[in-house]
Amino acid sequence: MPKDGITTREHDYSQWYLDIVQQAGLADYAEVVKGCIVFKPFGYAIWELMQRQLDDRIKETGHENAYFPLLIPKSFIMKESEHVAGFAPELFEVTHIGNEKLEDPYVIRPTSETIIGHFYSKWVRSYRDLPLLINQWANVMRAEMRTRPFLRTAEFLWQEGHTVHVDEADAERETLMILHEVYADFAEREMAMPVIRGLKTEKEKFPGALRSYCIEAMMQDGRALQSGTSHNLGQNFAKAFDITFTDQNNTVQTAWTTSWGVSTRLIGAMIMTHSDDEGLVLPPRLAPIQVVVVPIHKNEGEKSAVMAAVGALTAQWKGRLRFKIDSRENLSPGFKYNEWELKGVPVRVEVGPKDLEKGTVALARRDMPGKAGKSFVPQEGLTERIEALLVEIQQALFDRALQFREARTAFVGSYDELKLQIETGFARAYWAGTSEDEKRIQDESRATIRCIPLDQPGVAGICFYTGKPTSQLVIFARAY
RNA sequence: CGGGGCGUAGCGCAGUCUGGUAGCGCACAGCGUUUGGGACGCUGGGGCCGUGGGUUCGAAUCCCUCCGCCCCGACCA
C-alpha cells in the first residue's frame, strides 16, 4: 500500500521522485536561491558514505587529494575553444568586490580543468614528475534551465580527478581504469546499481575532450542516467595551458591529461534505481542506518524488560552495524514501521513481550515491503543473521535492477522500432550515422545515443538509419 | 529560455469568480488514556494570504510589477 503523500510511480514518475526526496527528508528546496537545494542531514549522510567509498578507491588507485580555488579568472575559461563554447551559457560570473568593479572578472568553477591546468603547467617539468595524479572534492556551479533535486541543480558536490601523463596510451589507461575500477565498481558494489560502461559519441562528449567514457544506468521509468564520466582530454588542455615536460631524450613534449567525476547526482540515481511506492529503498552498504530496532511495550514493567533485551541484543552491534534504537515514546509501533520504511532503512527488528517469552524477534526487510518481508527469528545468532541479511538485500537489489534493465532493453532493427522501444527503455542498435544524423534522431524522437558500450559482440550488422554495414552497437535512450 | 499550472499556519488544501479584516485536516504544545502495521479524548499556540506598487472607505479576493516552485519542451553531471 503506497504511503500517504507519495505519488505512485505509475501515476507520475517525476512527482514520485520529488515526493520521495521530500518525505524521506533527503533535501529541501533552497527556495531563496534559484536552482539550489539544501542537503538535509539524512541526505548528506548518504553522500558522506558515498564519498568515503569513492575516496578509498581513488586513493587505492594512486591518487592524492588537493583543493583548488572556487573562483577562476574568466580568461582561463576562454583558453580552450570547445570548452568555452560548452560552458559559456552556464557560467556564474563574479564582476564586483564590494562596490568595486573588477578589471578581470572571475567565474565560479563549472569544473576545474582550466585553473588546474594553469597550476599543472607550473608543476610539471620532467617526465619524472609524471604521472601526476590528483583528485579534488568540491562544489561547482552551472546555471540550469530546469532543476531537479540531486539530478540537476545549479550547485552540486562532486569529485573531479585531474591527471597528467607522458603519452596517449598512459592517459587512456588512466581514463579506463577509473571508469572500471572506481566508477563501475562503486556503482555496482556499493550502490547495487548495474551500469553500462561505454564511450560517448562525438556529439555527447565533454567539451574539450578527446574521448569521453561513461557509466549509464537505467531508472525505473526506463530512462538513462549518466552516472559518471571519465575523459581522455588528449593534449587539448595541455596545449591551452602549456603543460609540457622534458622527456628522457631532453626533448620538450606536450603532456596528455585526463579528468573524471561523479557527483551528488548519484544520490538521485540510487533513489530512482531502487525505491518504491512505500518510499526510499537504500542499499545496505550506503544506508546511514542499516538496522532500526523498534521496542514494543504496554506498561513500565514490559518496557524495562524489553529495553533490557534490546540492550543485550544490540550490545555487539557497535562497529559492526549502523543501527538506531527507536525508543520514542507516544508513537505507535505501526507508525514507526511506516516511517522507517519511508526512509529506506534496509532491516527492521521488532522486540516485544511475546518475543521475550519465545526468545524471538520480528525481522523485516525493506526490499520486500509490508508484512511480506517480515518473519520471526530466534534471538540466538541475530547479529550474524542480520549481517547475512544485509548482504542478501544488497545482492537482491542489484539482481532486481539488472533484471529490470534487461527486461527493458531490446535490439531494434528499424527507426520505427527504436521510437517505440525508447518509450519504455533502452534500444540497442547498429549505428554508422553522423553527428548530424544523431541530432536529427534526437529532435524527432527525443532519444540520444547514451553510449557505445565497451562490451561489443563484434558481429556485423546493418545501421538501422543509414543502411550502412557496421559491427558497432550503440544504446539509444531518453536521458535525464 | 518558450508554453502551462501553482504560491493562504510546518505539510496538504478551502476561501479569490461575486472585496467587509481568515478557515479545515494533518502536524505541533499541555494533560489523561494508549502502544505487535500510520491510537484516542479534551485544551491550546501558531498566518505582513510569495514581493512591491495601484484601485477602494475597506484587498487573500480586482489591476500591474517582480520573485519562487512544479509540469511539458529546448540546453546540460
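Atoms considered below: every heavy atom in the structure, side chains included; atoms not considered: hydrogens, waters and symmetry mates. Order of the sequence lines sets the chain letters (A, B, ...), proteins ahead of strands, with each chain counted from 1.
Note on ring orientation: taking the six-membered ring where Trp is involved, the planes of W431(A) and Y465(A) are tilted (angle from 30° to 60°). Note: F323(A) and W317(A) have perpendicular aromatic rings, judged against thresholds of 30 and 60 degrees for the angle between ring planes.
Going from atom CD of E438(A) over to atom P of rC75(B) covers 12 Å, rounded to whole Å. If you take CG of D443(A) and P of rC75(B), they are 7 Å apart, rounded to a whole angstrom. Distance D19(A) CG to rC71(B) P: 10 Å, rounded to the nearest Å. For the pair Q22(A) CD and rA27(B) C1', the interatomic distance rounds to 15 Å; values are reported in whole Å. Going from atom NZ of K439(A) over to atom P of rC75(B) covers 4 Å, rounded to whole Å. Per the geometry, CZ belonging to F87(A) stands 7 Å off P belonging to rA77(B), to the nearest Å. Between R152(A) atom CZ and rC69(B) atom P the separation is 15 Å, expressed in whole Å. As rounded to whole Å, 12 Å separates atom C1' of rC69(B) from atom CG of D28(A).
If you check rC66(B) for Watson-Crick or wobble pairing at under 3.5 angstrom, you find it paired to rG50(B). A 3.5 Å limit on both hydrogen-bonding distances identifies rG41(B) as the Watson-Crick or G-U partner of rC31(B). rC76(B) makes up no base pair with any nucleotide shown, lacking Watson-Crick or G-U wobble contacts both under 3.5 Å.
In this model, the phosphate group of rC75(B) is approached by a side-chain N or O of Q442(A) to a distance below 4.0 Å at OP1 or OP2.
Here the two rings, on F156(A) and F150(A), have centers that are 6.0 Å apart or farther.
When heavy atoms are screened at a 4.0 angstrom cut-off, T229(A) is found touching no nucleic acid atom at all. When heavy atoms are screened at a 4.0 angstrom cut-off, T264(A) is found touching no nucleic acid atom at all. Counting non-hydrogen atoms under 4.0 angstrom, R109(A) reaches nothing in the nucleic acid.
The side chain of S263(A) approaches rA77(B) more closely than any other nucleotide in the set rA77(B), rC70(B), rC76(B).
The gap from the C1' atom of rC17(B) to that of rA9(B) amounts to 25 Å, rounded to the nearest Å. rG45(B) and rC26(B) have their C1' atoms separated by 16 Å, given to the nearest Å. Separating the C1' atom of rC69(B) from that of rG54(B) is a span of 26 Å, rounded to the nearest Å. rG20(B) and rG10(B) have their P atoms separated by 24 Å, given to the nearest Å. For the C1' atoms, the distance linking rG37(B) with rU61(B) amounts to 44 Å, nearest Å. Only the P atoms considered, rG41(B) is 16 Å distant from rC24(B), to the nearest whole Å.
Ion pair D276(A)/R366(A) flagged as a salt bridge, since at least one NZ, NE, NH1 or NH2 atom sits closer than 4.0 Å to an Asp/Glu carboxylate oxygen. Between R142(A) and E144(A) there is no salt bridge, since no side-chain nitrogen of the basic residue lies less than 4.0 Å from a carboxylate oxygen of the acidic one.
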**OP:** Between protein and nucleotides 4-11 of chain B, map the contacts as a letter string: B base, S sugar-phosphate only, - none, heavy atoms under 4.0 Å, written 5' to 3'.
**Re:** --------

Show the distances under 3.5 angstrom between N or O atoms of the protein and N or O atoms of nucleotides 31-37 of chain B.
from    : atom 1 : to      : atom 2 : distance (Å)
rG36(B) : O6     : G352(A) : O      : 3.1
rG36(B) : O6     : P353(A) : N      : 2.8
rG36(B) : O6     : K354(A) : N      : 2.4
rG36(B) : O6     : D355(A) : N      : 3.2
rG36(B) : N1     : D355(A) : OD2    : 2.5
rG36(B) : N2     : D355(A) : OD2    : 3.0
rG37(B) : N7     : K374(A) : NZ     : 2.9
rG37(B) : O6     : R348(A) : NH2    : 2.6
rG37(B) : O6     : G370(A) : O      : 3.3
rG37(B) : N1     : E341(A) : OE2    : 2.9
rG37(B) : N2     : N338(A) : OD1    : 3.3
rG37(B) : N2     : E341(A) : OE1    : 2.8
rG37(B) : N2     : E341(A) : OE2    : 3.4

**OP:** Apply the test side chain to side chain donor-acceptor pair (under 3.5 Å) to residues K203(A) and Q442(A): give CA-CA distance (whole Å), side-chain angles for both, the deciding distance (0.1 Å), then the verdict.
**Re:** CA-CA 11 Å; K203(A) 178 176 163 298; Q442(A) 178 176 4; 2.7 Å; yes

**OP:** Determine, stepwise, if the pair Y480(A) / Q226(A) fulfils side chain to side chain donor-acceptor pair (under 3.5 Å).
**Re:** CA-CA 8 Å; Y480(A) 274 94; Q226(A) 179 174 308; over 6 Å; no

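Checking S263(A), S259(A), S112(A) one by one against E160(A), the side chain to side chain donor-acceptor pair (under 3.5 Å) holds for a single residue, S112(A).
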